[in-house]
Amino acid sequence: TRVTDLLTGTAELTVAGALPARTGAAKRADGALTRIASRAAAATALGDGLTALISGLTVTAMALSGVQAVAAGRLGGVALAVLVLTPLAAFEAVLGMPLAVRHRQRVRRSAERVREVLDAPEPVREPERPRPAPATPFPLVLTGLAARHEGQRGEALAGLDLTLERGRRIAVVGASGSGKTTLAQVLLRFLDPRAGSYTLAGVDARQLPGDEVRRLVGLCAQDAHLFDSSVRENLLLARKGATEAELRGALARARLLDWVDGLPDGLDTLVGEHGARLSGGQRQRLALARALLADFPVLVLDEPAEHLDLPTADALTADLLAATEGRTTLLITHRLAGLDEVDEVLVLDAGRVVQRGPYAELAAVDGPLRAMVRRETETESLAGAPRGATRAA
């Protein structure tokens, strides 16, 4: 694992100056593995050697005793042969014991790792008698919802109320750790609420299979995985039988079609491992196109502009909002640019809604959102200032 991480992350580790430390960690892991293999080999060799020694001594002793018995007339020649061969046959039953001890250690360690997974608490419990999923999820309603991650003392979400009607777009903003991603996990039934209710068209989400909930509520995450395949194959994961026109339509809505048409192989262009041949913005747009192609009734966008530079992040957010116009969308973001296009903004702090309403109204009054707008403006000013001016500021 360490060697694989080292090889796949060489560029990033070099830029961060962490390559020597990671290389040293891989060497130490290799040394530890070598010592483990040496100890195992020594134990096996010792066991095999002792078994061979005892077997040989036993055969020799039986042969000497048999020869004396034949000389004294108490034993025949044929019986002597049987007497000498009997210990060899008997020891064949125990020759594998040293190897069995070695494998027992491996199996025990493997079993411990399997038990760690099997004994881990389930974040979501599937219903014993699931109800049929509704045809549409509307209205999607959260009432007094509280959620907590395993091992945490405080609530990640507390007393949250939210209603998503067909075509309504809501943005959720807040600092890191305010509960934004936890809200996405609850909506997709990756985490069950500890209190309150979550219903889809009046049906308790906990009475539906998780896969059925995720058929109605889809996710486009900040770290959406791209496979080492073509643009076409990555899109077809969303809808296997999609036509060429549908693929191109999804790319057009994600503002990626012109780029794809400019590639030598078009839709059959390989994107590389984890989308390594694409820029950060192109990876996110391809993930968005895949989510749009899946045509989820409710689309959750979780920090789609994370890890992008400010101009790219703002351009991507604007295109996301344009692509989701008329589509029921929950946009989780730390950027405020373009949020005047959504119907409502929820501001989270420590898992609670501290402000909600249209963006223009919230930005016009003193409160958490206005403070966020001020900080974002100051950050953009510093980022756009010359180096000397930045140091002076």
Side-chain angles (χ1 to χ4, degrees), residues 120-222 224 291 294-304 324 327-333 342-357:
E122 297 180 4
V124 175
R125 190 176 298 277
E126 292 291 342
E128 294 182 3
R129 296 181 178 179
R131 290 186 56 179
T136 65
F138 305 111
L140 185 156
V141 180
L142 305 178
T143 305
L145 186 132
R148 178 189 301 177
H149 294 281
E150 189 68 30
Q152 286 187 341
R153 294 184 178 180
E155 301 286 1
L157 290 173
L160 188 142
D161 296 328
L162 174 67
T163 300
L164 272 172
E165 298 284 357
R166 188 188 302 272
R168 187 171 177 80
R169 297 191 297 180
I170 296 179
V172 181
V173 300
S176 296
S178 60
K180 304 189 301 296
T181 298
T182 303
L183 174 58
Q185 292 174 337
V186 171
L187 290 175
L188 282 109
R189 279 215 73 208
F190 292 148
L191 180 68
D192 274 340
R194 292 170 58 85
S197 64
Y198 168 27
T199 61
L200 299 165
V203 180
D204 189 340
R206 285 174 290 191
Q207 297 179 1
L208 299 174
D211 288 343
E212 288 298 318
V213 173
R214 289 182 284 275
R215 184 178 60 81
L216 299 171
V217 182
L219 174 68
C220 181
Q222 57 177 291
D295 198 24
F296 297 109
V298 176
L299 180 59
V300 178
L301 303 172
D302 186 11
E303 296 283 12
T324 57
R327 179 186 295 269
T328 309
T329 308
L330 185 78
L331 172 62
I332 296 171
T333 179
V342 302
D343 299 300
E344 185 181 20
V345 176
L346 269 66
V347 183
L348 290 183
D349 184 25
R352 296 183 179 274
V353 177
V354 294
Q355 206 175 15
R356 69 191 308 162

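If you take CZ on Phe296 and CZ on Arg327, they are separated by 9.5 Å, rounding to the nearest 0.5 Å. Going from atom CG of Leu164 over to atom CD1 of Ile170 covers 4.5 Å, rounded to the nearest 0.5 Å.
Under the side chain to side chain contact (heavy atoms under 4.5 Å, CB included) criterion, Thr199 pairs with Val141, not counting sequence neighbours. The salt bridge (Lys or Arg N to Asp or Glu O under 4.0 Å) search around Asp192 returns Arg189, not counting sequence neighbours. The side-chain hydrogen bond (donor to acceptor under 3.5 Å, both in side chains) search around Thr182 returns His149, not counting sequence neighbours. Looking at residues two or more places apart in sequence or on another chain, you find a side-chain hydrogen bond (donor to acceptor under 3.5 Å, both in side chains) between Arg215 and Glu212. Among residues two or more places apart in sequence or in another chain, the side chain to side chain contact (heavy atoms under 4.5 Å, CB included) test is passed with Asp343 by Arg168, Arg169. In this structure, Arg166 has no side-chain hydrogen bond (donor to acceptor under 3.5 Å, both in side chains) partners at least two apart in sequence or on a different chain.
In this structure, Pro304 and Leu331 have side chains that are in contact, with non-hydrogen atoms separated by less than 4.5 Å. At a threshold of 4.5 Å between non-hydrogen side-chain atoms, the residues Leu183 and Leu330 count as touching. Residues Ser178 and Val172 fail the side-chain proximity criterion, which asks for heavy atoms closer than 4.5 Å.
Heavy atoms only, all atoms of each residue included: Ser197 and Leu145 are closest at O-CD1, 4.1 Å. The two atoms that bring Ile332 and Val300 nearest to each other are CD1-CG1, 4.2 Å, heavy atoms only. Residue Leu142 comes nearest to Tyr198 through the heavy atom pair CD2-CD1, 3.2 Å, listed as atom of the first residue, atom of the second, then distance. Across Val298 and Pro137, no two heavy atoms sit closer than the pair CG2-CG, 3.8 Å. Listed here is the closest heavy atom pair of Gly167 and Thr328: N-OG1, 2.7 Å.
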All N/O donor-acceptor pairs, side-chain side in residues 152-163, below 3.5 Å, sequence neighbours left out:
{"residue": "Glu155", "atom": "OE2", "partner": "Arg148", "partner atom": "NH2", "Å": "3.2"}
{"residue": "Asp161", "atom": "OD1", "partner": "Gly144", "partner atom": "N", "Å": "2.6"}

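Evaluation of the salt bridge (Lys or Arg N to Asp or Glu O under 4.0 Å) test over residues 170-182, restricted to residues two or more places apart or in two chains, returns Lys180-Glu303. A side chain to side chain donor-acceptor pair (under 3.5 Å) check over residues 124-144, counting only residues at least two apart or in different chains, returns the pairs Arg131-Gln207. The salt bridge (Lys or Arg N to Asp or Glu O under 4.0 Å) pairs that include a residue from residues 197-207 are Asp204-Arg206, where partners are two or more places apart or lie in different chains.
When Leu200, Leu188, Leu187 are each tested for a side-chain contact (heavy atoms from CB on, under 4.5 Å) with Leu216, only one passes: Leu200.
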Requested in this report: For the pair Val353 and Leu348, evaluate side-chain contact (heavy atoms from CB on, under 4.5 Å) and give the outcome as yes or no after the intermediate values.
Outcome: CA-CA 5 Å; Val353 177; Leu348 290 183; 3.6 Å; yes

**Report entry** Chi angles and distances behind the side-chain contact (heavy atoms from CB on, under 4.5 Å) call for Val173, Thr333
**Finding:** CA-CA 5 Å; Val173 300; Thr333 179; 3.9 Å; yes

